Engineer: 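Sharing a structure here in structure tokens format.
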Amino acid sequence: MSLKVYNTLTKRKEEFKPIREGEVRMYVCGPTVYDYPHLGHARTYIAFDVIRRYLEHKGYTVLMVMNFTDIDDKIIRRARETGEDPKELAEKFIKVFLEDMNALKVKPADIYPRVTEHIGDIIDFIKKLEEKGYAYEGKDGVYFEVQKFKEYGKLSGIKIEELRKGARVEPGEGKKNPEDFALWKKAKPGEPKWDSPWGEGRPGWHIECSVMSSKYLGESFDIHGGGNDLIFPHHENEIAQSEACFGHEWVRYWLHTGFVMVKGEKMSKSLGNFVTVRELLQRYSPEVIRFFVLQKHYRSPLDYSEEGLQHAKNNLERLYNTLENIRIAMERAELAYTWDEDDYEVYEAIKNARKKFYEAMDDDFNTAEALKAVFEVSNAINKYLTEKERPKEAILRKALEFFKVVSEIFGIFEDYFKEEKREIEEELIKVLVDVRSQLRKEKRFDLADKIREELRRLGIQLEDRGQETVWKRIKV
Ligand code: AMP
Ligand code: ZN
């Protein structure tokens, strides 16, 4: 099965072939760290997490780099407002970002470079651009001369003439043309600054990603990603800088995520229509948030609503319920047997759904379609379990193996498949269930009920089926 990915650069789906066999090098633009991450950020980073997990599942070694923009106008402005030191402010929100991503089960990047730790590399890169005639010094900074890079616009489709129409060089700006962008900004009073051949100052925004990606991934690599809003100008400018400097094609596949939307508008800090990851985590489990995100293809817009999240929660609960049904059925499953028609029917259903799942994921990581296949397995198994007195262990195992694949790629059902923790937890629940049965026999119902209520509070539901009591996890 071959993987196809939609490349923003060519505007079509292409077969995915990494530059080096067996290895995928990817760079995802990280956050500007001055505030708490919101659901829009979570969507983008969960999407790239699943892309990365799927590539790993397919057998690739993935090397993933994500930057932290830890110096920038927004950080300086926020630090002024709160009276903090910009460096401390950035440090604080790097920590917050890492904590939030960890809570959302987003696997950490392998390398997290920060702008302020790469000023020397950035200066060297700008010097090269100057030597090659792409950069010039103006009175307030060093600029990239866009018209010198002949392929400018190849990612976003933007034309230099269009850029000139709406813009002009403001008084006080030292650039030659309105479309030129800053590589280095000369220091204004009171701003953080570093020494450079052009006097004290700090880097522009775009240069950091050209510099830090090539430092850790080499002068050409496979995947570069970010949200849609980064296509222009950020990624367009990154391409111009990198290809001007290296003299060859830089990135193979450009991947971009759609926005999280609120009432038709992009969720963003500036519009104030955002919900932070922390707020959401108080109401929904990390897996529900992931599930909510994965119900849509990563390039489509995703509407934020409480009903949407509640819907995701219900759907995830249905799947957990199936997993619990399988676990309970395992205890009455037959081990030595031959298969009959019903068994073959479920086997076929699992086999076909598994194929569909991989086809969907191979089709530009279509998690929305892939989830449909997961529900097909869930429905087939539930039907089988209601109808079959003695289910076959092999069939249940086939279903569990499939759910385990889904778990690894989507980062859901993780607790279910965590063996060590489950064993002790299950033993403890069994002890309580036995004690409760004994209490019921002795007609000490108040204590028996207390055990049931306390377990329910912890997300464990007891069901009395005649003489027997079974338990289920009900919280997701
Ligand atoms: P920022 O910290 O604003 O630079 O954003 C970090 C990443 O989150 C970028 O890749 C953005 O494109 C992405 N992002 C920001 N807002 C949203 C949103 N509403 N939906 C999806 N991605 C977003
Ligand atoms: Zn970037």
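Note that the numbering runs from 1 along the sequence shown for the chain. Only this structure's heavy atoms are used, side chains among them; waters, hydrogens and symmetry mates stay out. Whatever order the structure lists them in is the order used to number ligands and atoms, beginning at 1. Here the structure is a predicted model, which is why all the values come from computation and not from measurement.
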Engineer: Note the single closest protein heavy atom to atom 15 (C) of ligand 1, along with its residue, its atom name and the distance in Å.
Structural biologist: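 Among all protein heavy atoms, the one nearest atom 15 (C) of ligand 1 is His41 CD2, 3.8 Å.
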
Engineer: Would you say Cys29 has an N, O or S atom lying under 2.8 Å from the Zn ion (ligand 2)?
Structural biologist: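 For Cys29, the answer is yes, given that an N, O or S atom comes within less than 2.8 Å of the Zn ion (ligand 2).
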
Engineer: Write out the residue and atom name of the closest protein heavy atom to atom 20 (N) of ligand 1, then the distance separating them to 0.1 Å.
Structural biologist: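 Nearest protein contact, heavy atoms only, for atom 20 (N) of ligand 1 is Val260 N, 2.8 Å.
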
Engineer: Of all the non-hydrogen atoms in the protein, which one sits nearest to atom 4 (O) of ligand 1, and at what distance?
Structural biologist: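 It is Thr32 OG1, 3.6 Å.
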
Engineer: Quick check on the 6.0 Å ring-centre criterion: do Phe125 and Phe246 meet it?
Structural biologist: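 Ring-ring flag for Phe125/Phe246: true, centres closer than 6.0 Å.
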
Engineer: Please identify which atoms of ligand 1 are closer than 4.0 Å to at least one heavy atom of Phe259.
Structural biologist: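 Taking each heavy atom of Phe259 in turn, ligand 1 has 20 (N), 21 (C) under 4.0 Å.
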
Engineer: Do the ring centers of Phe181 and Phe144 come within less than 6.0 Å of each other?
Structural biologist: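 Yes, ring centres under 6.0 Å apart.
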
Engineer: Does Tyr45 reach ligand 1, in the sense of a heavy atom lying below 4.0 Å from it?
Structural biologist: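 The answer is yes: ligand 1 sits under 4.0 Å from a heavy atom of Tyr45.
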
Engineer: Between Phe97 and Tyr45, does the ring centroid distance fall short of 6.0 Å?
Structural biologist: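 Centroid separation for Phe97 and Tyr45: below 6.0 Å.
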
Engineer: Judged by non-hydrogen atoms, does Met261 sit under 4.0 Å from ligand 1?
Structural biologist: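 Heavy atoms of Met261 never come under 4.0 Å of ligand 1.
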
Engineer: Using a 4.0 Å cutoff against the non-hydrogen atoms of Gly40, which atoms of ligand 1 qualify?
Structural biologist: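 So the atoms of ligand 1 that pass are 17 (C), 18 (C), 19 (N), 20 (N), 21 (C), 22 (N), 23 (C).
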
Engineer: Considering only heavy atoms of Met267, which atoms of ligand 1 have at least one such atom less than 4.0 Å away?
Structural biologist: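 Those qualifying, in numeric order: 16 (N), 18 (C), 19 (N).
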
Engineer: Would you call Lys128 and Glu131 a salt bridge, using N to O less than 4.0 angstrom?
Structural biologist: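 Judged by the 4.0 Å cut-off on N to carboxylate O distance, Lys128 and Glu131 do not form a salt bridge.
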
Engineer: Pick whichever of Asp72, Asp229, Leu39 has a heavy atom sitting closest to atom 11 (C) of ligand 1.
Structural biologist: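 Among Asp72, Asp229, Leu39, the closest heavy atom to atom 11 (C) of ligand 1 comes from Asp229.
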
Engineer: Think Arg299 forms a cation-pi with Tyr6, using NZ or CZ under 6.0 Å from the six-ring centre and within 45 degrees of its axis?
Structural biologist: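 Arg299 over Tyr6 ring: yes.
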
Engineer: Flag the pair Phe221 / Trp250 as yes when their ring centroid distance falls below 6.0 Å, and as no otherwise.
Structural biologist: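 Ring centres of Trp250 and Phe221 closer than 6.0 Å.
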
Engineer: Identify, for atom 10 (O) of ligand 1, the protein heavy atom at the shortest distance, and state residue, atom and that distance.
Structural biologist: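 Of every protein heavy atom, Gly227 N, 3.0 Å lies nearest to atom 10 (O) of ligand 1.
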
Engineer: Can you name the atoms of ligand 1, numbered from 1 with element, that are less than 4.0 Å from a heavy atom of Gly226?
Structural biologist: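 Reading through ligand 1 atom by atom, the close ones are 10 (O).
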
Engineer: If you check every N/O/S atom of Glu238, which is the one nearest the Zn ion (ligand 2)?
Structural biologist: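 Looking only at N, O and S atoms of Glu238, the one nearest the Zn ion (ligand 2) is named OE2.
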
Engineer: Answer yes or no as to whether an N/O/S atom of His234 is found below 2.8 Å from the Zn ion (ligand 2).
Structural biologist: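 His234 does place an N, O or S atom closer than 2.8 Å to the Zn ion (ligand 2).
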
Engineer: Are Gly258 and ligand 1 in contact, using a heavy-atom cut-off of under 4.0 Å?
Structural biologist: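 Contact present.
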
Engineer: Please evaluate residues Phe402 and Phe357 with respect to the criterion ring-ring contact (aromatic ring centres under 6.0 Å, His included), reporting the C-alpha separation (whole Å), side-chain torsions for both, the decisive distance (0.1 Å), and the verdict.
Structural biologist: CA-CA 10 Å; Phe402 173 66; Phe357 178 87; 5.6 Å; yes

Engineer: Establish, yes or no, whether a centroid distance under 6.0 Å links the rings of Tyr358 and His57.
Structural biologist: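 Yes, ring centres under 6.0 Å apart.
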
Engineer: Is the closest heavy-atom distance from Arg43 to ligand 1 below 4.0 Å?
Structural biologist: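 No, Arg43 has no heavy atoms under 4.0 Å from ligand 1.
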
Engineer: What protein heavy atom sits nearest atom 22 (N) of ligand 1, and how far away is it?
Structural biologist: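 Of every protein heavy atom, Thr44 OG1, 2.7 Å lies nearest to atom 22 (N) of ligand 1.
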
Engineer: Do Arg52 and Glu56 sit within salt-bridge range, that is, some charged N less than 4.0 Å from a carboxylate O?
Structural biologist: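 Looking at Arg52 and Glu56, the cut-off is met.
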
Engineer: I'd like to know whether the aromatic ring centres of Phe16 and Phe365 sit less than 6.0 Å apart in this structure.
Structural biologist: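 For Phe16 and Phe365, the ring centres are not under 6.0 Å apart.
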
Engineer: Can you confirm whether or not the ring centre of Tyr284 sits under 6.0 Å from the ring centre of Phe292?
Structural biologist: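 No: the rings miss the under 6.0 Å criterion.
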
Engineer: Do any N/O/S atoms of Glu208 come under 2.8 Å of the Zn ion (ligand 2)?
Structural biologist: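 Looking at Glu208, which is the residue asked about, there is no N, O or S atom under 2.8 Å from the Zn ion (ligand 2).
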
Engineer: Where does Leu230 meet ligand 1, judged by heavy-atom distances below 4.0 Å: at the side chain, the backbone, both, or neither?
Structural biologist: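 For Leu230, only side-chain atoms sit under 4.0 Å from ligand 1.
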
Engineer: Which is it for Lys269 and ligand 1 at heavy atoms under 4.0 Å: side chain, backbone, both or neither?
Structural biologist: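 The answer is neither; Lys269 stays 4.0 Å or more away.
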
Engineer: For the pair Arg318 and Asn315, evaluate side-chain hydrogen bond (donor to acceptor under 3.5 Å, both in side chains) and give the outcome as yes or no after the intermediate values.
Structural biologist: CA-CA 5 Å; Arg318 271 169 61 200; Asn315 279 341; 3.1 Å; yes

